[in-house]
Amino acid sequence: MRFLIRRLVSFAVALLGLSVVIFAALRILPGDVAVVMAGLNSPPGRVAQLRAEMGLNRPLPQQYIDWMAGLLTGDYGKSMLTGQSVTSMVVERASITFPLIIFGLLIASAVGLGLGVAASLATGNGVRTFFRVFGIVGGSIPALWGGLLLVLLFARGVGLIGLFPSQGFPQEGWGSPGAAFASLVLPALTVGLIDGASLMRYTRSALADVMHNGCMIEAMACGYTRAQALIHVGLRVIVPQLVSVAGLMFANMVTGVMVIENLFALPGVGSGLIADLGDRDLIAVQSELFMLAAFFLLVGLFVDVLHRVLDPRLRRSSEGRM
Amino acid sequence: MSVSIRDLGIVIGSQTLVSDVDLDIADGERVGLIGSSGSGKSMISKAMLGLTPDDAVLSGSVNLSGVEAVGADEVTLADLRGRYVGTILQDPFSSLNPVTTVGRQIELPLRLHYRLSKAERAGRVRRMLAKVGLDAGLADRHPNELSGGQAQRAAIATALITSPRLIVADEPTTALDSIAQRQIVDLLVRLVDDSGASMLFITHDFSVLARATTRAYVLEHGRVVESGATSDLLAKPSTPQAGRLVGAARKLALE
Ligand SMILES: Nc1ncnc2c1ncn2[C@@H]1O[C@H](COP(=O)(O)OP(=O)(O)O)[C@@H](O)[C@H]1O
Ligand SMILES: [Mg+2]
């Protein structure tokens with residue numbers, strides 16, 4: 001319980017710190033939204049007027065406090081350019097990005113855990129080499145390059161075997177689930193296979209460590225074969241570690257997905273953020289970055305708590321301190 | 001279960017860890033294997049059941065009541081382990097599964113080899129805990145919540161839960177103080193004799209050996225250098241290796 005409280009406090013402090021950093025960074029950013037909106041050749045008076053309308057002439061601490069007060073009451077502000085509320089913009093974009101990440105994580109977990117276990121059990125030299133090469137190559141391919149490769153192989157129109165669309169998201173969104181799903185297959189495969197290769201390497205090395213652990217030999221002494229012991233005991237023992245890795249992978253994926261969304265022309269959170277940044281849409285970018293930061297921190301919080309629940313050794317040591 | 005080991009050799013890489021070992025255990029007999037640390041005792045006990053590391057190469061023969069264990073396939077060996085042979089590994093703390101409860105650990109051999117209802121299994125675990133002198137409440141605890149003596153007793157309970165015909169106990173008392181050592185040895189001897197099983201008892205300590213076994217083998221650098229009745233070995237060790245171990249045990253007893 002004390003662990004949870006401590007963890008929540010550090011979550012709040014980190015979030016507050018990040019909000020200051022985001023706010024400050026955007027004030028330093030070159031380019032002025034008022035100038036952009038007014039047009040480069042408009043008279044200075046027009047720019048000043050716009051600035052006043054958007055509240056950009058208030059003192060900085062005032063702007064920060066107003067922004068934070070808005071966040072606390074759930075008001076994330078409006079886009080300076082379109083007037084649409086940032087919340088609804090983000091929700092719309094997240095309806096593409098979130099399924100993409102989950103889909104990618106599922107692929108990564110299936111590939112990573114499956115091949116990781118298979119690689120640990122493999123005895124033949126050829127098979128071992130295959131797994132090693134897959135781990136190294138897959139884990140070091142840049143997302144952009146991997147995505148292009150998949151497009152060249154499987155994209156409708158340009159690919160060797162045209163299976164899936166490679167550009168855009170259906171107009172009606174999830175209103176046409178089949179088409180929406182199909183347009184996520186290649187992007188999800190890109191992030192999923194790349195992170196899956198890393199997860200595979202991690203799983204294999206963690207299992208190799210566990211192999212020499214007394215509890216594996218004990219499990220075999222109780223009647224498991226080596227393979228059964230690896231799956232029933234070895235995997236379970238490394239699950240807490242894997243959860244931490246999956247948390248990192250998840251965070252990694254959010255950034256990887258920004259590149260991928262641009263490559264596949266998906267109007268998601270990542271490409272939206274980049275577009276808003278290009279437009280110098282200060283309020284939108286500021287709130288979007290804050291939401292992303294909050295999301296990252298939430299994932300970290302969740303992973304830490306889950307790690308603790310899954311590993312009795314940690315639970316005990318925290319109780320010991322009370 | 002009777003054991004007959006002939007010409008056992010164990011090689012890992014370029015290292016010969018065990019060679020030319022002959023060792024017999026009759027049905028219901030308690031036999032000791034004693035030797036200084038690193039002499040290959042654990043390797044021999046693991047070789048009996050296919051528990052040696054992946055890269056170990058075995059030669060010779062280990063016959064368990066007619067079943068040849070050296071070179072046997074995994075499934076045959078796995079079926080012997082936990083059902084007919086109960087093993088107590090060297091360090092109970094590192095061998096108990098850290099992420100499962102003591103109760104789940106103890107019932108594992110039952111789950112793997114017998115079709116019992118959950119309630120039947122729980123009943124057996126409860127009776128087994130009582131037999132090894134552990135509180136029934138410990139079944140829901142995790143290994144990191146146990147003391148050294150409790151962990152050792154839990155490991156014994158795991159090895160004995162299926163009433164196996166052979167118990168292999170690898171230094172089951174090393175981690176304990178001398179009073180607890182005696183208690184654990186006496187407990188083990190009583191349980192093994194009650195069930196009529198045979199036992200291979202491994203130690204580097206002669207003072208424990210006398211309580212646990214009637215006959216013993218002295219191992220040095222992977223070879224058997226002396227064997228005979230445990231009392232004879234204690235009274236008049238004929239090799240310097242055995243003499244050193246006996247001397248060490250006497251010194252320990254005097255302290
Ligand atoms: N996995 C391994 N690979 C190579 N050598 C090992 C391995 N495990 C143990 N050994 C070596 O085998 C020898 C015998 O070890 P062991 O049977 O554990 O000795 P004991 O149980 O008598 O103390 C030691 O010299 C040890 O260093
Ligand atoms: Mg040993």
Side-chain angles (χ1 to χ4, degrees), chain A residues 117-125 127-128 131 204-244 306-322, chain B residues 42 45-46 48-55 73-102 104-114 140-146 151 154-155 158-159 161-162 164 167-168 170:
Chain A
V117 171
S120 306
L121 293 174
T123 45
N125 267 337
V127 192
R128 274 173 190 268
F131 283 122
R204 194 183 53 172
S205 86
L207 282 179
D209 289 345
V210 158
M211 235 350 170
H212 302 290
N213 198 315
C215 66
M216 284 285 292
I217 301 175
E218 173 79 34
M220 285 163 66
C222 287
Y224 277 131
T225 62
R226 200 171 286 269
Q228 288 167 337
L230 193 79
I231 290 163
H232 292 282
V233 177
L235 260 189
R236 174 61 188 85
V237 169
I238 66 166
V239 156
Q241 281 163 267
L242 289 182
V243 166
S244 293
L306 192 60
H307 194 144
R308 190 149 284 242
V309 170
L310 288 171
D311 194 338
R313 286 165 292 187
L314 294 178
R315 251 181 284 158
R316 174 79 193 298
S317 62
S318 81
E319 277 159 19
R321 255 182 270 127
M322 285 184 194
Chain B
S42 297
S45 71
K46 286 177 180 164
M48 290 167 64
L49 289 153
L51 295 175
T52 41
D54 258 345
D55 46 352
D73 63 293
E74 264 251 65
V75 177
T76 308
L77 289 172
D79 190 55
L80 283 175
R81 299 194 293 248
R83 186 202 292 266
Y84 300 117
V85 184
T87 304
I88 303 162
L89 293 172
Q90 205 163 341
D91 176 13
F93 267 124
S94 70
S95 58
L96 296 175
N97 184 344
V99 292
T100 197
T101 61
V102 172
R104 293 276 295 173
Q105 174 73 68
I106 293 175
E107 70 166 15
L108 182 61
L110 280 182
R111 267 198 293 130
L112 296 185
H113 298 293
Y114 297 96
D140 301 321
R141 301 287 186 76
H142 286 92
N144 65 324
E145 298 171 79
L146 304 184
T158 309
I161 186 85
T162 50
I167 313 292
V168 178
D170 191 354

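Just so we're clear, the structure is a prediction, and the values are computed from it rather than from any experiment. Labels below follow one simple rule: chain letters A, B, ... track the order of the sequence lines, proteins then strands, and each chain is numbered from 1.
A/Glu218 places no side-chain N or O within donor-acceptor distance of the main-chain N or O of B/Asn97, the cut-off being under 3.5 Å. The backbone N or O of A/Cys222 sits less than 3.5 Å from a side-chain atom of B/His113, completing a donor-acceptor pair.
Within a 6.0 Å sphere centred on CZ of A/Phe131, other residues, nucleotides and ligands contribute more than 12 heavy atoms.
Proximity to chain A (any heavy atom under 4.5 Å) is restricted, for B/Leu96, to the backbone atoms N, CA, C and O. In this structure, chain A has no heavy atom under 4.5 Å from any part of B/Thr76.
In this structure, A/Ala221 and B/Thr87 approach most closely via the heavy-atom pair CB-CB, 4.0 Å.
Between B/Thr100 and A/Arg236 there is no side-chain heavy-atom pair separated by less than 4.5 Å.
Counting heavy-atom pairs under 4.5 Å between each of B/Val168, B/Val75, B/Thr158, B/Leu112 and chain A puts B/Leu112 at the top. Counting heavy-atom pairs under 4.5 Å between each of B/Pro53, B/Ala155, B/Ser95 and chain A puts B/Ser95 at the top.
Between the CG atom in B/Asp79 and the OG1 atom in A/Thr225 there is a gap of 11.5 Å [rounded to 0.5 Å]. Between the CE atom of A/Met220 and the CD atom of B/Glu74 there is a distance of 5.5 Å, given to the nearest 0.5 Å.
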